[in-house]
Asker: 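Got a structure here, written out as structure tokens. Questions coming.
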Amino acid sequence: MNKNNNKRPHYLNPYFGGVLLGLLVIATFYITGRGLGASGAVKSTVVETVETLAPQHAESSPYYSKYIPKDTSPMNNWLVFESFGVLLGGLLSGVIYGRVKKFRVEHGAHTTSAKRLVFAVLGGVLFGFGSQFGRGCTSGAALVGSASFSFGGVIVLISIFGTGYAVAYFFRKLWI
Amino acid sequence: MGPLIPNDIITGDWNFVIAILIGIAFGFILEASGFSSSRNLAGVFYGYNFVVLRVFFTAVIVAMVGLLYFDYFGWLDLSKIFILPTFLSPMILGGVIMGVGFVMGGFCPGTSFTGIAIGKTDALFFAIGLFLGIFIFGEAYPYFANFYNSGNMGNVTLTDVTGIAAPWFALGFTVIALAAFWVTAEIEKKVRKNMKEYKF
């Protein structure tokens, strides 16, 4: 871990990255009339999985059934294709900047890999669960929602980061 | 003129090609900004790395001002774009749960995808958690369906709720962002002095 840290990673200037991301949000609205997203693709994957393993259960469920299209698969969805692009784009950037390596765990100095992975799963469970109540995650609700002046988008933005600061103290050993 | 696909200037057949291209740009920007690292992301909550705040706030104000200009010049009909609906109490609760998940997991969904792309096992585990979390939600949905659907205000904007015109919000966000950039840069300098093992 520390060996990797001897060399400073090369990242975009954050303000430049932010301008690019803002322009991408505008371009996405201009072309498609909608915004970026991420949690929606995982939801489609869950619905597809349940639909495949237990079709009757999925169709009788008041939640899954909302996301099962009549004549196509739940995976035939804009956000699924977009999120596949996110994987490709992340890989492209990683290749260009030399950050693609074999699978490894990144964790704070005062914690172990095992603990990091347990908290990663738990954090993911909470994030996935919360994103359903939030009607989107940091991308679709907080970023794109706020940028398009949606009231709910700003609510989610303040709620995520406000809570993050409120509880950060309790999880400090994971990171600092 | 815009949005191009809803206005049939580009046919819907291109939808999924465009989705992948936009996704590639999104993933590239996230990874190149350092969002594939949970330690970089978590830094925003501990004062040692405010890259999340810089990228996020810059993107929001650029997009806000840009969308207003596109509307002003008649390039984009803002009444035709998707406005995220507001379900007040469920969205506050959702944000609170996501906030805890963010600090525990060190990623959000989109950033975890870029982490997986460059080989972060912790990002993969986070994404598995996302899948489980949404599955649990789907199974337990009948217990809180009423709450989930409560507080529906429709697809309202800040202007609809407050009566204040959108450009004032763009201005307000810009002022807050600039102040936050300056304050957090000062905080970061102080905190980083005490962190020896983390290279920025």
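Below, chains carry the letters A, B, ... as their sequence lines are ordered, and counting in each starts from 1.
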Asker: Between B:L130, B:I5, B:T114, B:V62, which shows the greatest number of heavy-atom pairs under 4.5 Å with chain A?
Answerer: B:L130
Asker: State whether a side-chain donor-acceptor pair under 3.5 Å links A:R135 with B:T86.
Answerer: no
Asker: Is chain A contacted by the side chain of B:F87, its backbone, both, or neither, given a heavy-atom distance below 4.5 Å?
Answerer: side chain
Asker: For each of A:G164, A:G94, A:A41, A:G35, tally heavy-atom pairs with chain B at distances under 4.5 Å, and name the one with the top tally.
Answerer: A:G164
Asker: Does any backbone or side-chain atom of A:T49 lie under 4.5 Å from a heavy atom of chain B? Answer side chain, backbone, both or neither.
Answerer: side chain
Asker: With a 4.5 Å cut-off on side-chain heavy atoms, are B:F45 and A:F161 touching?
Answerer: yes
Asker: Using non-hydrogen atoms only, which part of B:F107 is less than 4.5 Å away from chain A: side chain, backbone, both, or neither?
Answerer: both
Asker: Heavy-atom distances under 4.5 Å only: say whether A:A27 touches chain B with side chain, backbone, both or neither.
Answerer: neither
Asker: When rounded to the nearest 0.5 angstrom, what distance separates CZ in A:F127 from CD1 in B:I97?
Answerer: 11.0 Å
Asker: I'd like to know if the side chain of A:W175 and the backbone of B:V103 have a donor-acceptor N/O pair within less than 3.5 Å.
Answerer: yes
Asker: If you count heavy-atom pairs under 4.5 Å with chain A, which of B:V51, B:I92, B:N155 comes out on top?
Answerer: B:I92
Asker: Working to the nearest 0.5 angstrom, can you tell me the gap between B:M153 CE and A:S150 OG?
Answerer: 10.0 Å
Asker: Find the distance between OG1 (A:T28) and CZ (B:F26) and round it off to the nearest 0.5 Å.
Answerer: 8.5 Å
Asker: Hey, does B:I22 have a side-chain heavy atom less than 4.5 Å from the side chain of A:W78?
Answerer: yes
Asker: Under 4.5 Å heavy-atom distance to chain B, tell me which part of A:K102 shows up: side chain, backbone, both or neither.
Answerer: backbone
Asker: Between B:L21 and chain A, with a heavy-atom cut-off of 4.5 Å, which part of the residue counts as in contact: side chain, backbone, both or neither?
Answerer: neither
Asker: Heavy-atom cut-off 4.5 Å, strictly under: side chain, backbone, both or neither for B:Y148 against chain A?
Answerer: both
Asker: Does the side chain of B:E139 come under 3.5 Å of the side chain of A:Y64 through a donor N or O and an acceptor N or O?
Answerer: yes
Asker: Between A:I96 and chain B, with a heavy-atom cut-off of 4.5 Å, which part of the residue counts as in contact: side chain, backbone, both or neither?
Answerer: side chain
Asker: For the interface with chain A, which of B:D122, B:I18, B:I81, B:L84 has the highest count of heavy-atom pairs at distances below 4.5 Å?
Answerer: B:D122
Asker: Among B:Y141, B:Y143, B:F135, find the residue that satisfies the ring pair (Phe, Tyr, Trp, His ring centres under 6.0 Å) test when tested with A:Y63.
Answerer: B:Y141
Asker: Given that the side chain runs from C-beta out, which part of A:L92 has a heavy atom under 4.5 Å from chain B: side chain, backbone, both or neither?
Answerer: both
Asker: Less than 4.5 Å to any heavy atom of chain A: does that hold for the side chain of B:I128, its backbone, both, or neither?
Answerer: neither
Asker: Check this for me: does any side-chain nitrogen of one of B:R39 and A:E106 sit under 4.0 Å from a carboxylate oxygen of the other?
Answerer: no
Asker: In terms of heavy-atom proximity below 4.5 Å to chain A, should B:F70 be classed as side chain, backbone, both, or neither?
Answerer: side chain
Asker: At a 4.5 Å cut-off on heavy atoms, which part of A:V154 comes close to chain B: side chain, backbone, both, or neither?
Answerer: side chain
Asker: Using heavy-atom distances under 4.5 Å, tell me whether A:F84 contacts chain B through its side chain, its backbone, both, or neither.
Answerer: side chain
Asker: Please flag which part of B:V161 lies under 4.5 Å from any non-hydrogen atom of chain A: side chain, backbone, both or neither.
Answerer: side chain
Asker: Could you go step by step and tell me if A:R116 and B:S38 meet the side-chain hydrogen bond (donor to acceptor under 3.5 Å, both in side chains) rule?
Answerer: CA-CA 10 Å; A:R116 166 76 188 109; B:S38 56; 3.3 Å; yes
Asker: Is chain B contacted by the side chain of A:L157, its backbone, both, or neither, given a heavy-atom distance below 4.5 Å?
Answerer: side chain
Asker: What's the spacing between A:I31 CD1 and B:N7 CG if we round to 0.5 Å?
Answerer: 13.0 Å
Asker: I need the residue from B:G101, B:A123, B:G2, B:G115 with the largest number of non-hydrogen atom pairs under 4.5 Å to chain A.
Answerer: B:G101
Asker: Check whether B:T111 gets within reach of chain A through its side chain, its backbone, both or neither, counting any heavy atom under 4.5 Å.
Answerer: neither
Asker: Using heavy-atom distances under 4.5 Å, tell me whether B:N149 contacts chain A through its side chain, its backbone, both, or neither.
Answerer: both
Asker: Under a 4.5 Å heavy-atom cut-off, does chain B meet the side chain of A:N76, its backbone, both or neither?
Answerer: both
Asker: Is it the backbone or the side chain of A:L174 that comes under 4.5 Å from a heavy atom of chain B, or both, or neither?
Answerer: side chain
Asker: Side chain, backbone, both or neither: which part of A:L20 has a non-hydrogen atom closer than 4.5 Å to chain B?
Answerer: both
Asker: What distance do A:Y11 atom OH and B:S36 atom OG have between them, rounded to the nearest 0.5 Å?
Answerer: 5.5 Å
Asker: Out of B:L124, B:L30, B:L88, B:V44, return the one with the most heavy atom pairs under 4.5 angstrom to chain A.
Answerer: B:V44
Asker: Measure B:F35 against the heavy atoms of chain A and call it side chain, backbone, both or neither at under 4.5 Å.
Answerer: neither
Asker: Nearest 0.5 Å please: distance from the CD1 atom of A:I155 over to the CG atom of B:L93.
Answerer: 13.0 Å
Asker: Please flag which part of B:V65 lies under 4.5 Å from any non-hydrogen atom of chain A: side chain, backbone, both or neither.
Answerer: neither
Asker: Mind ranking B:G43, B:G138, B:S112, B:G110 by heavy-atom pairs under 4.5 Å with chain A and telling me who comes out on top?
Answerer: B:G138
Asker: What part of A:K173 lies closer than 4.5 angstrom to a heavy atom of chain B: side chain, backbone, both or neither?
Answerer: neither
Asker: Which bit of B:Y46 comes within less than 4.5 Å of chain A, counting heavy atoms only: side chain, backbone, both or neither?
Answerer: side chain
Asker: So for A:V50, is it side chain, backbone, both, or neither that comes closer than 4.5 Å to the heavy atoms of chain B?
Answerer: side chain
Asker: Is the distance between the ring centroids of A:Y15 and B:F181 under 6.0 Å?
Answerer: yes
Asker: Answer whether the closest heavy-atom distance between the side chains of A:F29 and B:P3 falls below 4.5 Å.
Answerer: no
